[in-house]
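Since this is a predicted model, take the numbers as computed values, not measurements. Numbers for residues simply follow the sequence, beginning at 1.
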Amino acid sequence: PWGRYSPAAGVDMISGRLTMRATVERNQAIATDGWGNPVAPDFQPLGVVRCFIWSTASREIVDGDKTAMIEDIRGLFALGTDITEADEITAVTDARGVVLIPGRLRVEGPIQHKHTHVEAALKRIA
């Protein structure tokens with residue numbers, strides 16, 4: 001039924017594209033304070049995962065005297081990667097550990113499950 005394509009071949013194509021490494025952290029603070037508000041986040045390392053992170057567009061918005069940069073950042077991860085919409089990425093490196101994307105990125109919105117991988121929208125944390 002698949003013709004010349006098989007799901008396993010698609011997974012192999014994706015795994016070959018995951019040339020970057022992301023250090024993922026997860027908030028471990030789940031308690032609330034005396035007034036029922038969440039306590040300050042406590043991000044702890046979850047692990048290093050193979051990925052491919054890219055920016056689809058970057059644009060500048062000017063409103064009077066204020067200027068803001070808007071960047072659409074996406075991340076591609078292997079199926080089964082333990083990453084959630086509350087996680088943060090502290091470093092994106094190549095396989096040798098050279099930093100490719102400096103600064104923290106936050107996973108924004110739900111993880112999108114595809115046939116051969118998972119994708120996430122990412123937001124730069126300033």
> To check you understand the geometry: which heavy-atom pair defines the closest contact between Phe77 and Ile89, and what is its length?
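Distance-wise, the nearest heavy atoms are CZ-CD1, 4.0 Å.
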> Can you see which heavy atom on Arg21 is nearest to which on Val48, and at what distance?
CB-CG1, 3.7 Å
> Evaluate the side-chain proximity of Glu25 to Leu46: yes if any heavy-atom separation is below 4.5 Å, no if none is.
no
> By side chain to side chain contact (heavy atoms under 4.5 Å, CB included), which residues pair with Asp65, not counting sequence neighbours?
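Asp65 satisfies side chain to side chain contact (heavy atoms under 4.5 Å, CB included) with no other residue.
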> Would a single hydrophobic cluster contain both Val107 and Leu18, if residues Ile, Leu, Val, Met, Phe, Trp and Tyr are joined by side-chain heavy-atom contacts under 4.5 Å?
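Yes, same cluster.
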> What pair of heavy atoms forms the shortest contact from Ala40 to Ala29, and how long is it?
O-CB, 3.3 Å
> Verify the cluster assignment for Ile53 and Leu79: are they in a single hydrophobic cluster under the rule of side-chain heavy atoms below 4.5 Å apart?
yes
> Just verifying a value: how many Å separate His117 NE2 and Gln112 CD, rounded to the nearest 0.5 Å?
8.5 Å
> Nearest 0.5 Å please: distance from the CG atom of Leu105 over to the CG atom of Asp87.
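Taking CG in Leu105 and CG in Asp87, the distance rounds to 12.0 Å.
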> Among His113, Arg74, Lys114, find the residue that satisfies the side-chain hydrogen bond (donor to acceptor under 3.5 Å, both in side chains) test when tested with Glu119.
Arg74
> Looking only at heavy atoms, which two atoms of Pro110 and Glu85 are closest? And how far apart?
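So the two residues come closest at CA-OE2, 3.7 Å.
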> Only one of Val92, Leu76, Val49 forms a side chain to side chain contact (heavy atoms under 4.5 Å, CB included) with Met20, so which one is it?
Val92
> Atom NZ of Lys123 and atom CD of Glu108: how far apart are they, to the nearest 0.5 Å?
5.0 Å
> How would you list, by chain and number, every residue that makes a side chain to side chain contact (heavy atoms under 4.5 Å, CB included) with Ala86, sequence neighbours excluded?
Thr84
> Heavy atoms only: give me the nearest Ala78-Val118 pair and the separation to one decimal.
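Answer, listing the atom of Ala78 first, then Val118: O-CG2, 3.7 Å.
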> State yes or no: do Ile101 and Ile125 share one hydrophobic cluster built from I, L, V, M, F, W and Y residues joined by side-chain heavy-atom distances below 4.5 Å, directly or via other members?
no
> Do Ile73 and Leu100 belong together in a cluster built from hydrophobic side chains that touch within less than 4.5 Å?
yes
> Go through the structure and list residues passing salt bridge (Lys or Arg N to Asp or Glu O under 4.0 Å) with Glu88, not counting sequence neighbours.
Arg104, Arg106
> Of all heavy-atom pairs between Ile111 and Ala120, which one has the smallest distance, and what is that distance?
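Of all heavy-atom pairs spanning Ile111 and Ala120, the closest is CD1-CB, 3.7 Å.
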